[in-house]
Peer 1: 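This is the structure I have questions about; it appears just below.
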Amino acid sequence: MKYLYRIYQVLIAIPLVLVWTIFISLLVLIGCLLGGGRFFGYYPPKIWGWVILKLFLLPVKTEGKAHLEKNQSYVFVANHQGAFDIFLVYAYLGCNFRWMMKYQLMKIPFVGIACKASKQIMIDKRGPKRIRESYEKAKQIMKGGISIVVFPEGSRTFTGHMGKFRRGAFLLADELQLPIVPLTINGSFYVMPRTRDWHFLNWHPLSLTIHQPIYPIGQGDDNVTAAMNDSYQSVMSSLEPDFQGYVENPDQ
């Protein structure tokens, strides 16, 4: 079955994904340029992620959507197991959002221009001024009623285990007094771990767990620390047993 799945990837899935990605990128670009950024910045990418998961025949299980309220902005924080986290969250979170992502992703053909047009939040760490500009952009987007999704580890895991959480997303939630929603992703590490970029995919089920929102208990450092610790424990609580516990990520 493994080799049949690889043949299927080469002959069917990968060519269709490439064409589909170019089409969706152009659709997002045109739609946003015409003034439909709120719609085209989320719904075409949502369908993009869903179709890609279907093309690779990856089953998905979700739970916890009932925890989310309509028209409420959230700061979503998730563990980062692999490249397929992006498709999983887009397809199954069910909430209009923008990513906080590394600015280097702007270099990806077609995807980069779509990200820029749809006002994804690029985190540029080449100086305090650029970092602050990124957070100011995030604040403006969230004031407009759109949520953000952050991988607070800062990079994909090498081992499947979670690294430490960084404070940026929690500082933003604290400043805007918005609830934080932890997300636990399972399975993506098996599909395409960081150590196997650009290799054949492995077939494996995926799951997305949406935890209960963590509301502010005040404002300031105590609230940031409490929210970060509570989020970490929530995400950890639903990880597969093999990935329970902290293991240092050498890229952090």
Side-chain angles (χ1 to χ4, degrees), residues 62-69 72-82 85-86 88-89 92-95 97-102 121 123 125 128 131-132 134-139 141-143 146-189 194 206-252:
T62 62
E63 58 179 305
K65 283 188 178 182
H67 294 148
L68 303 181
E69 297 180 17
Q72 169 68 56
S73 291
Y74 296 103
V75 176
F76 293 97
V77 295
N79 61 311
H80 202 0
Q81 285 205 334
D85 298 343
I86 307 296
L88 177 64
V89 173
Y92 289 96
L93 182 58
C95 182
F97 71 88
R98 299 296 181 269
W99 293 99
M100 292 188 76
M101 58 175 64
K102 295 179 179 179
I121 303 154
I123 302 298
K125 298 180 180 179
I131 293 175
R132 189 62 194 172
S134 299
Y135 280 99
E136 287 299 322
K137 181 180 177 181
K139 285 165 56 178
I141 287 174
M142 298 196 73
K143 287 177 181 177
I146 294 176
S147 299
I148 64 167
V149 177
V150 186
F151 296 119
E153 295 165 272
S155 58
R156 288 173 292 160
T157 176
F158 280 102
T159 65
H161 294 261
M162 279 205 302
K164 296 178 181 177
F165 278 5
R166 297 175 178 178
R167 292 169 61 87
F170 304 96
L171 288 168
L172 179 63
D174 177 70
E175 185 171 348
L176 297 178
Q177 288 291 281
L178 290 173
I180 295 169
V181 179
L183 306 173
T184 301
I185 294 169
N186 281 301
S188 180
F189 181 75
R194 186 173 181 178
L206 300 170
S207 71
L208 176 67
T209 302
I210 303 168
H211 296 276
Q212 292 187 2
I214 299 171
Y215 290 90
I217 57 171
Q219 192 164 19
D221 191 64
D222 288 345
N223 179 56
V224 171
T225 301
M228 185 166 63
N229 291 338
D230 290 348
S231 296
Y232 193 91
Q233 293 303 319
S234 291
V235 176
M236 181 71 75
S237 70
S238 292
L239 277 177
E240 295 177 355
D242 287 348
F243 299 132
Q244 289 285 330
Y246 169 74
V247 172
E248 183 178 3
N249 183 354
D251 194 31
Q252 283 200 312

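Computation of the quantities below employed the complete heavy-atom set of this structure, encompassing side-chain atoms and omitting hydrogens, waters and symmetry-equivalent molecules.
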Peer 1: Does Arg167 pair with Asp174 as a salt bridge, N-O distance under 4.0 Å?
Peer 2: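 Asp174 and Arg167: not salt-bridged.
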Peer 1: Quick one: CG on Leu171 to CE on Met228, what's the gap to the nearest 0.5 Å?
Peer 2: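 Rounded to the nearest 0.5 Å, the CG-CE separation comes to 8.5 Å.
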Peer 1: Can you name the side-chain contact (heavy atoms from CB on, under 4.5 Å) partners of Pro216, sequence neighbours left out?
Peer 2: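 Gln177, Asn223.
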Peer 1: Rounded to the nearest 0.5 Å, how far does CD1 of Ile214 lie from CG of Leu178?
Peer 2: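 Answer for the CG-CD1 pair, Leu178 versus Ile214, is 13.5 Å.
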Peer 1: Measuring from atom NZ of Lys65 to atom CG of Leu208, what distance do you get when rounded to the nearest 0.5 angstrom?
Peer 2: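 The NZ atom of Lys65 sits 8.0 Å away from the CG atom of Leu208.
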Peer 1: Name the residue from Thr157, Leu206, Leu88 that meets the side chain to side chain contact (heavy atoms under 4.5 Å, CB included) definition with Ser188.
Peer 2: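 It is Leu206, the one option of Thr157, Leu206, Leu88 that forms the side chain to side chain contact (heavy atoms under 4.5 Å, CB included) with Ser188.
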Peer 1: Could you tell me whether the side chain of Phe243 reaches within less than 4.5 Å of the side chain of Asn79, counting heavy atoms only?
Peer 2: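 A side-chain contact is absent here, since even the closest heavy-atom pair is not under 4.5 Å.
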Peer 1: If I take atom CZ from residue Arg98 and atom CD1 from residue Ile148, how far apart are they, to the nearest 0.5 angstrom?
Peer 2: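 Arg98 atom CZ to Ile148 atom CD1 measures 12.0 Å (nearest 0.5 Å).
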Peer 1: Taking C-beta and beyond as the side chain, do Ile210 and Leu93 meet within less than 4.5 Å on heavy atoms?
Peer 2: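 Result yes, sub-4.5 Å side-chain heavy-atom pair found.
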Peer 1: Considering only heavy atoms from C-beta outward, does the side chain of Lys164 approach that of Tyr246 to under 4.5 Å?
Peer 2: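 When only atoms from C-beta onward are counted, Tyr246 and Lys164 do touch, with a gap below 4.5 Å.
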Peer 1: If you define the side chain from C-beta out and look only at heavy atoms, does anything of Phe170 sit under 4.5 Å from Pro152?
Peer 2: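 When only atoms from C-beta onward are counted, Pro152 and Phe170 do touch, with a gap below 4.5 Å.
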Peer 1: Indicate the atoms forming the closest heavy-atom contact of Phe189 with Gly160, along with that distance.
Peer 2: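 Looks like CE1-N, 3.4 Å.
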Peer 1: Any non-hydrogen side-chain atom of Trp99 less than 4.5 Å from a side-chain atom of Phe151?
Peer 2: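 The answer is yes; the side chains approach within 4.5 Å.
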Peer 1: From the options Ser238, Ser234, Ser237, select the one residue that forms a side chain to side chain contact (heavy atoms under 4.5 Å, CB included) with Pro182.
Peer 2: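 Of all the options given, the one that passes is Ser234.
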Peer 1: Going from CG on Leu172 to CD1 on Ile121, what distance comes out if it is rounded to the nearest 0.5 angstrom?
Peer 2: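 Separation between the atoms: 7.5 Å.
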Peer 1: Under 4.5 Å between any side-chain heavy atoms of Leu239 and His161, yes or no?
Peer 2: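 Heavy-atom side-chain distance check fails, nothing below 4.5 Å.
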Peer 1: Is any side-chain heavy atom of Ile185 less than 4.5 Å from a side-chain heavy atom of Val89?
Peer 2: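 Side chain of Ile185 against side chain of Val89, heavy atoms only: contact under 4.5 Å found.
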Peer 1: Ignoring hydrogens and geometry, is there a side-chain-to-backbone donor-acceptor pair from Asn186 to Glu240 under 3.5 Å?
Peer 2: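 Yes; at least one donor-acceptor contact below 3.5 Å.
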Peer 1: Tell me if a side-chain donor or acceptor on Arg156 pairs with a main-chain N or O of Arg194 at a distance below 3.5 Å.
Peer 2: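 No: the side chain of Arg156 does not pair with the backbone of Arg194.
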Peer 1: Taking the side chain from Tyr92 and the backbone from Ser207, do they hold a donor-acceptor pair closer than 3.5 Å?
Peer 2: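 Flag not set: sc Tyr92 to bb Ser207 has no pair under 3.5 Å.
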Peer 1: So, taking the atom named SG in Cys95 and the one named CG in Leu68, what distance separates them when rounded to the nearest 0.5 Å?
Peer 2: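 Nearest 0.5 Å value for the SG-CG distance: 6.0 Å.
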Peer 1: With distance as the sole test, does Ser147 use its side chain to make a donor-acceptor pair with the main-chain N or O of Tyr74 at under 3.5 Å?
Peer 2: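 Such a contact is found between Ser147 side chain and Tyr74 backbone.
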Peer 1: Are Leu183 and Val77 close enough that some pair of their side-chain heavy atoms sits under 4.5 Å apart?
Peer 2: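 Counting from C-beta outward, Leu183 and Val77 never come under 4.5 Å.
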Peer 1: Are the side chain of Asn229 and the backbone N or O of Ala226 linked by a donor-acceptor pair below 3.5 Å?
Peer 2: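 No, the answer is negative, given that no donor and acceptor are paired below the 3.5 Å cut-off.
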Peer 1: Backbone N or O of Pro213 within a donor-acceptor pair of the His67 side chain at under 3.5 Å?
Peer 2: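 Side chain of His67 to backbone of Pro213: no pair is present.
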